There are 2 protein chains.
Amino acid sequence: MHRVTLQDVAERAGVSMKTVSNVVRGYRHVSPAMRERVQTAVDELGYRPNRIGRNLATGRSRMLGLAFPDLRRPYFAELAHVFARVAEDRGYRLLLSETGGTEEGERAVLHDREAGIVDGLVMHPQALSAARLDEQRRGMHVVFLGEDPQPADTDQVAIDNVAAAEEAVRHLVASGRTRIGFLGHETGTLSRTSELRLEGYRMALAAAGLEHDPALLVPRSVGDAVDAEAALGAALDGGLRVDALLCREDLAAIGALRALRRRGLDVPGDVTVIGWDAIDLGESTDPSLTSVAPDTRALAERALDLVLERLDGFDGPGRHVTVGHRLVLRESAPAAER
Amino acid sequence: MHRVTLQDVAERAGVSMKTVSNVVRGYRHVSPAMRERVQTAVDELGYRPNRIGRNLATGRSRMLGLAFPDLRRPYFAELAHVFARVAEDRGYRLLLSETGGTEEGERAVLHDREAGIVDGLVMHPQALSAARLDEQRRGMHVVFLGEDPQPADTDQVAIDNVAAAEEAVRHLVASGRTRIGFLGHETGTLSRTSELRLEGYRMALAAAGLEHDPALLVPRSVGDAVDAEAALGAALDGGLRVDALLCREDLAAIGALRALRRRGLDVPGDVTVIGWDAIDLGESTDPSLTSVAPDTRALAERALDLVLERLDGFDGPGRHVTVGHRLVLRESAPAAER
DNA sequence: ACGACTCTTTACAGCGCTGTAAACTCGTAC
DNA sequence: GTACGAGTTTACAGCGCTGTAAAGAGTCGT
């Protein structure tokens, strides 16, 4: 079971190996007659290029790493899908990795370039500090997703979390809501993303002349729907009264739907709910979820632009790109009656 | 920016390249003194192996392909997570690919071995026939997931769909349900998976002495929750009366919850609902979903066992492995009152 | 006619690492 | 003392492909 190599084809066609390579790669300086002759031999022998040989010779794998904390979270799975599509359009494959949101996991994916497995990396960091990220990446081209602190000379892409939160809260205010809670940020140390979303939430409350009441903030310890449900349930049972909720992510919103309904509170009548991420399943919850939808296509496009420009030799300062978002209106927070 | 190679370390430590390689790979026939001397040089120079060089020399990438139709479907994203973990325990990386459920997509992943990118493949086929799969794989070691028709001498892993469906229906029967519908199979040609689940459904009905009424089958054209909701909604509005539903997958069950609630039907009181796949979010729907849960851990373990045994030289006939499942009881179909 | 340029093909070396086998040393058994 | 086996280190060739530069032919402009 000997694999067919360039040399085999070269012998068959009576030309040099390099000429076979030129034909297979589509190099333009090959005569039509030669191209046909070699292609015939390629077809007869069923030659298929060995990417490993090519990768070693070129020093490029044409594969990019994409690292998320956990693929089971619908938003990340859906984002991975978009990234894979965009990368494919650019002639790249994606190697998906889960970091588990741990330092060790993040450190591991940063080493993939050194191993020659990937040419660059797009990553959603969660555990490593900016200094450690910089130290561990050792020159690897990385684009960071989100707004967590990152090394100064690296590139990142994010949505404007402050503006998006403001917009969501404004929508709730326009619907006549006055006791607007926030559900789903971390119980202990806040991630930068949570900070920004809370900042936007507070700014919009202030702009609406609503007093910010810390009692309206409901954190959770684990970022899933079950934990959000429990956290909100406990708060409601402990006397929390809200007429609206901005949730840090859709999973928290889904947990909120259960917690509210279990206590006889109607959504959106008694409590209006807005999620974040606009996952596909948000269309099929009951009520369907109004949610902040990042422009995931633009996110992927920009991120890949940035990392590929680095691969092409761009050596300028780190760039911070903000992509769009919109508020997807569904049943949990319908268009305001005006 | 010259990468540090085995040769650099060898010169630094005053030994041969091969000795450095032996140390780095943990080859046992190296003296402790030599090991320490080389490791010191490795650490000083910050040497990191280039996997591409190793892959070319060994003919192995230690990467396995995992191909699903669409990562956005929660079940596949969650299964991918389990596979990645199991593969990692075995010293392999996974290269995830989406086939889009198309022949072209499936054909493309079957070629990755020839390119040298992966050593083998685990795949959930949907579009290619058994004959075309056999033709296209050209000797590549593939393990197929599910029970669709596959080449005779290949390996596959699946749960017993018939038995699982029987069990689910028995649970509904034990809850006193007599008009048990099935929601979510394909509108046109049935996949083998749907056939088997329907077969188990029918067998359990017969065993319970319940007449099988074709009007109780509600197919859908697209496999998402929105389409299932529409299909069931139309059927209910067209006069369908059921007191229970077995759904082909959890997404269909989630769609069913909305359709039923929108028509004033209570779950599980008026209609008991069972889904399939036991996705994480099934715990946070309202009511939470009772669902057939494949033993995904065993699925991943067996599938990787099979493909790795092929890589190790096993050349026997194709093996069909059935792994376990269980019925996860939640609110949509609670334990029967007995 | 000569020089410059473009097109075409090819020889050569190298990308980084490993498998194989040889050479050498040491310890043990007969 | 000798032979054998195990441990240790190393030389060599090769895995498949590409970049670089050279060689040769043809065309065009001066």
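FYI, side chains are in, hydrogens and waters are out, and symmetry mates aren't considered; it's all heavy atoms of this structure. Just so we're clear, the structure is a prediction, and the values are computed from it rather than from any experiment. By convention in this document, chain letters (A, B, ...) are assigned in the order of the sequence lines, proteins followed by strands, and residues within each chain are numbered from 1.
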Q. Do A:Ser191 and A:Gln126 have a side chain donor and acceptor closer than 3.5 Å?
A.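 No, no side-chain donor-acceptor contact under 3.5 Å.
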Q. Are A:Asp8 and A:Thr5 linked by a side-chain donor-acceptor pair shorter than 3.5 Å?
A. yes
Q: Would you sort out whether B:Val38 and B:Asn22 count as a side-chain contact (heavy atoms from CB on, under 4.5 Å), showing the intermediate values?
A: CA-CA 10 Å; B:Val38 170; B:Asn22 287 339; over 6 Å; no
Q: Could you check A:Arg54 against B:Gly53 and say which one's nearest nucleotide on DNA chain D is further toward the 5' end?
A: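 Here B:Gly53 is the residue nearer the 5' end.
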Q: Just do the side-chain contact (heavy atoms from CB on, under 4.5 Å) check on B:Arg319 and B:Glu309 with the steps written out, would you?
A: CA-CA 11 Å; B:Arg319 295 156 297 182; B:Glu309 277 162 25; 2.5 Å; yes
Q.
What residues from residues 10-33 of chain B pass a heavy-atom cutoff of under 4.0 Å to DNA chain C?
A. B:Met17, B:Lys18, B:Ser21, B:Arg25
**Q.** B:Arg107 side-chain N/O to B:Gln136 backbone N/O, donor-acceptor pair under 3.5 Å
**A.**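 No, because the side chain of B:Arg107 does not come within donor-acceptor range (under 3.5 Å) of the backbone of B:Gln136.
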Q: Evaluate whether atom CD of A:Glu36 has more than 12 neighbouring non-hydrogen atoms of other residues, nucleotides or ligands under 6.0 angstrom away.
A: no
Q) Can you name the one residue among B:Phe83, B:Phe144, B:Phe76 that meets ring-ring contact (aromatic ring centres under 6.0 Å, His included) with B:His124? A) B:Phe76
**Q.** Where chain B begins and ends its contact with DNA chain C, read 5' to 3' at 4.0 Å from heavy atoms
**A.**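 Contact span on the strand: C:dG16 to C:dT20.
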(Q) For B:Val42 versus B:Val24, what's the shortest heavy-atom pair and its separation? (A)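 Nearest heavy atoms, B:Val42 then B:Val24: CG2-CG2, 4.3 Å.
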